[in-house]
Amino acid sequence: MAKYLIKRLLRGLASIVVVVAIVMVLIYSLLDRQGIFAADTTYTKLNNNAKTMYMYRQWQKYGYLDFITYADFLNGLVKSGELTAEERDSMGIGRTASDDSPEVAALVERFTQEYESQGFKVVRLKAVVAKRKLATGGQQQLFATRDRPLIDRLIKHFTGIITVDNIHYVPEDRDIGERGLTFTTHDPVYGGEQFAPAIMGNGTKHKYLLYFDHQFPFIHQNLVNVNLGLSYSIDTGVDVLQIMNVTQGSYVLSPTVFPTGLKESSADDLHSATYMADTRQSSKVLEERFTDDYTGVVTLKGGKSKMGYSFSIGILATCLAYLLGVPLGIIMARHKDGLVDKIGTFYIVFIIAVPSLSYIFLFKAIGGSFCLPTTFDVNSSNALMYLLPIISLALPSIANLMKWLRRYMVDQMNSDYVKFARSGGLSENEIFFKHILKNAAIPIIHGIPGAVLFSMTGALITERVYVVPGVGDLLTRAINAHDNGVIVGVTMFYALLSVVSIILGDILMSMVDPRISFSNESR
């Protein structure tokens, strides 16, 4: 069994890489990258060379290409000691190449050779002049650009999935005091007045690497982090996994003791503090609260996270589907060609034939006529707002379970072992429930782990119609906003759940059906 699971896992990981690669090709190669500017008001206000530079910077931000300006090149020479800051300021390019001084021309030639040797395309934009004056946004520009190869994207994405925080995260040139880890038995977050062990870091990304609190599972860590990819526009600079797990709704205020000793009612979660360079010095509020630049905190809110809403609706819909779909499928098979079977068949055909968007809006209209909530409110405690999304999500699953369980059971009824069982004197009920149902349920059982795990992924159409702030809604928003980092991250999350659900389904089948032996397959 172990050999089979290892092979299955390796094939699953390979399939994840292929899926992510295909999505990257679709996003970065086949879709028009100009689409990211469709609703960008800054882009429409710019003119001439300034507009071109903004365009390339945004393409770099969204992961399409690498972009290096001549100014970046000069700054690098200053950092390496080849130029002084004063010399750098006098090395700007002229309006045209012929206007460059010999020193500038030499640097431009060096810039060109260095980056063209790395596969970059060097572009020089002449100054745009109107009536002998520099036009708006017409400043001359020199830069190098290169589309990121697919293999580089994949390597960078997968090598950065798991990171371990360390004391060298903060750049060495930052004056942060002594780097290292500190263990305390009395967490300062609680004012140092109660026993609460914690490990804190200096020079790390997170201030708290390990800590205890009163929320399940009571012990938490920020030492090892899973990174699915950064958002470019929806929640700029935030990892996809964090976007899916951060709480939503109204702020939850509680008495908070900040590192400076300041006590006030706040929603800041000090255990989530991350390093943000030079933020404390630039904000009087942060200076009053924090003693260092570990000022990036998550705020606590009263609602669930995106994954929390998706899972709550999804798991209840899954339970409802199995509670109704399985018994109805059994009844349809037990009374084949009867009235119940015909009504069930009509329902199955209706669900398959009618587009899901149509019957979701239909049930939304029906529910609204009975004064049921038809939109989601993260600040509401009304449990009825879950009802319509759950029903809409369960409808196709109920039909699917009815269809396949009926089919499997009807197929089993015509098997030879059923005829032998009858000739052996077993009653119809014994044959039906002890043999036919048990064998027919095996393929259905295989899908249970997938149904449970995919409750976390949300439902794109259902969440969009009922305005559910879940994972499915996140993906549609990312597609509309061309947030490529979120699209790739959510896709990988889906692919990983698919692999895990298939493996768990195989294990569950082997537990139910003794005829299935992984050890025999591995030979």
(request) Could you pull out all residues at least two apart from H271 that satisfy ring pair (Phe, Tyr, Trp, His ring centres under 6.0 Å)? (result) Y190, Y208, Y211
(message) Under the criterion salt bridge (charged side-chain N to carboxylate O under 4.0 Å, His left out), I'd like the reasoning laid out for R110 against E82: C-alpha separation, chi angles, the key distance, then a yes or no.
(response) CA-CA 13 Å; R110 179 179 170 183; E82 291 188 51; 2.9 Å; yes
(message) Looking at T256 and S254, would you say the former's side chain and the latter's main chain have a donor-acceptor pair under 3.5 Å?
(response) yes
(request) Return the set of residues passing ring pair (Phe, Tyr, Trp, His ring centres under 6.0 Å) with F73 (not counting sequence neighbours), or none when no residue passes. (result) F111
(message) According to ring pair (Phe, Tyr, Trp, His ring centres under 6.0 Å), who are the partners of F290, at least two apart in sequence or on a separate chain?
(response) F258
(message) Would R289 and D268 count as a salt bridge (charged side-chain N to carboxylate O under 4.0 Å, His left out) here? Give the steps.
(response) CA-CA 11 Å; R289 296 180 175 184; D268 291 344; 3.2 Å; yes
(request) Could you check D99 against K126 for salt bridge (charged side-chain N to carboxylate O under 4.0 Å, His left out), going step by step and ending with a plain yes or no? (result) CA-CA 11 Å; D99 295 328; K126 296 188 297 183; over 6 Å; no
(message) Is there a side-chain contact between Y359 and P396 in this structure, where contact means two heavy atoms from C-beta onward sitting under 4.5 Å apart?
(response) yes
(message) For a 4.5 angstrom cut-off between non-hydrogen side-chain atoms, does L372 reach K364?
(response) no
(message) Would you compute the distance between atom CD1 of I398 and atom CG of L393 and round it to the nearest 0.5 angstrom?
(response) 10.0 Å
(request) Go through the structure and list residues passing side-chain hydrogen bond (donor to acceptor under 3.5 Å, both in side chains) with D40, not counting sequence neighbours. (result) Y54
(message) Are there over 12 heavy-atom neighbours, none belonging to M276, within less than 6.0 Å of that residue's CE?
(response) no
(request) Kindly say whether G470 contributes a backbone atom to a donor-acceptor pair with the side chain of S310 at under 3.5 angstrom? (result) no
(message) Would L74 and L107 count as a side chain to side chain contact (heavy atoms under 4.5 Å, CB included) here? Give the steps.
(response) CA-CA 9 Å; L74 293 179; L107 285 175; 3.9 Å; yes
(request) Compare every heavy atom of S272 with every heavy atom of V298, then report the nearest pair and how far apart it is. (result) N-OG, 2.8 Å
(message) Checking N227 against T163: is there a side-chain donor and acceptor pair closer than 3.5 Å?
(response) yes
(request) Given side chain to side chain donor-acceptor pair (under 3.5 Å), test N49 with T52 step by step and report yes or no. (result) CA-CA 5 Å; N49 294 342; T52 302; 5.1 Å; no
(message) With ring-ring contact (aromatic ring centres under 6.0 Å, His included) as the rule and sequence neighbours excluded, what pairs involving residues 293-312 come up?
(response) Y275-Y294, Y309-F376
(request) Apply the test side chain to side chain contact (heavy atoms under 4.5 Å, CB included) to residues N166 and T204: give CA-CA distance (whole Å), side-chain angles for both, the deciding distance (0.1 Å), then the verdict. (result) CA-CA 5 Å; N166 61 85; T204 52; 5.6 Å; no
(message) Any donor-acceptor pair under 3.5 Å linking the side-chain atoms of D483 with those of S231?
(response) yes
(request) Over all heavy atoms of both residues, which pair between A135 and N48 is shortest? Give the atoms and the distance, please. (result) CB-ND2, 3.8 Å
(message) Any carboxylate oxygen within less than 4.0 angstrom of a Lys/Arg side-chain nitrogen, looking at R33 and D147?
(response) yes
(message) Less than 4.0 angstrom from a charged side-chain N to a carboxylate O is my criterion; do D473 and K306 meet it?
(response) no
(request) Could you check R57, K121, R146 and say which one makes a salt bridge (charged side-chain N to carboxylate O under 4.0 Å, His left out) with D66? (result) R146
(message) Does Y251 have more than 12 heavy atoms from other residues, nucleotides or ligands lying within 6.0 Å of its OH?
(response) no
(message) Please report the interatomic distance CE(M24) to CG(N484), rounded to the nearest 0.5 Å.
(response) 9.5 Å
(message) Under the rule for side-chain hydrogen bond (donor to acceptor under 3.5 Å, both in side chains), what residues qualify as partners of S501, not counting sequence neighbours?
(response) none
(request) Return yes when atom OH of Y169 has more than 12 non-hydrogen atoms of other residues, nucleotides or ligands closer than 6.0 Å, and no otherwise. (result) no
(message) Evaluate N379 against S250 for side chain to side chain donor-acceptor pair (under 3.5 Å), listing each step before the verdict.
(response) CA-CA 6 Å; N379 296 315; S250 300; 2.8 Å; yes
(request) Grab the two heavy atoms, one from K301 and one from G249, that are nearest each other, plus how far apart they are. (result) CD-O, 3.3 Å
(message) Regarding K207 and D292, does a basic nitrogen lie under 4.0 Å from an acidic carboxylate oxygen?
(response) yes
(message) Please tell me whether F143 and Y56 form a close aromatic pair, meaning their ring centres lie under 6.0 Å apart.
(response) yes
(message) I'd like to know if the side chain of S392 pairs up with that of T462 as donor and acceptor (distance under 3.5 Å, no hydrogens or angles considered).
(response) no
(request) Measure across A317 and I390 and return the closest heavy-atom pair with its distance rounded to 0.1 Å. (result) CB-O, 3.7 Å
(message) Tell me the closest heavy-atom pair linking E172 and H168, and the distance in Å.
(response) OE2-ND1, 3.1 Å
(message) Between K205 and D165, does any NZ, NE, NH1 or NH2 come within less than 4.0 Å of an OD or OE carboxylate oxygen?
(response) no
(request) Taking atom types as modelled, find out whether N400 and S397 have a side-chain donor-acceptor pair closer than 3.5 angstrom. (result) no
(message) Less than 4.5 Å apart, side chain to side chain, heavy atoms only: is that true for I448 and Y322?
(response) yes
(request) Assess whether side chain to side chain donor-acceptor pair (under 3.5 Å) is satisfied between T295 and T279, documenting all intermediate values. (result) CA-CA 7 Å; T295 59; T279 51; 2.6 Å; yes
(message) The test is side chain to side chain contact (heavy atoms under 4.5 Å, CB included); show your working for L134 and Q139 and say whether it passes.
(response) CA-CA 7 Å; L134 197 65; Q139 180 70 36; 3.4 Å; yes
(request) Locate the shortest heavy-atom distance separating T145 from L65; write the atom from each residue and the value. (result) OG1-CD2, 3.6 Å
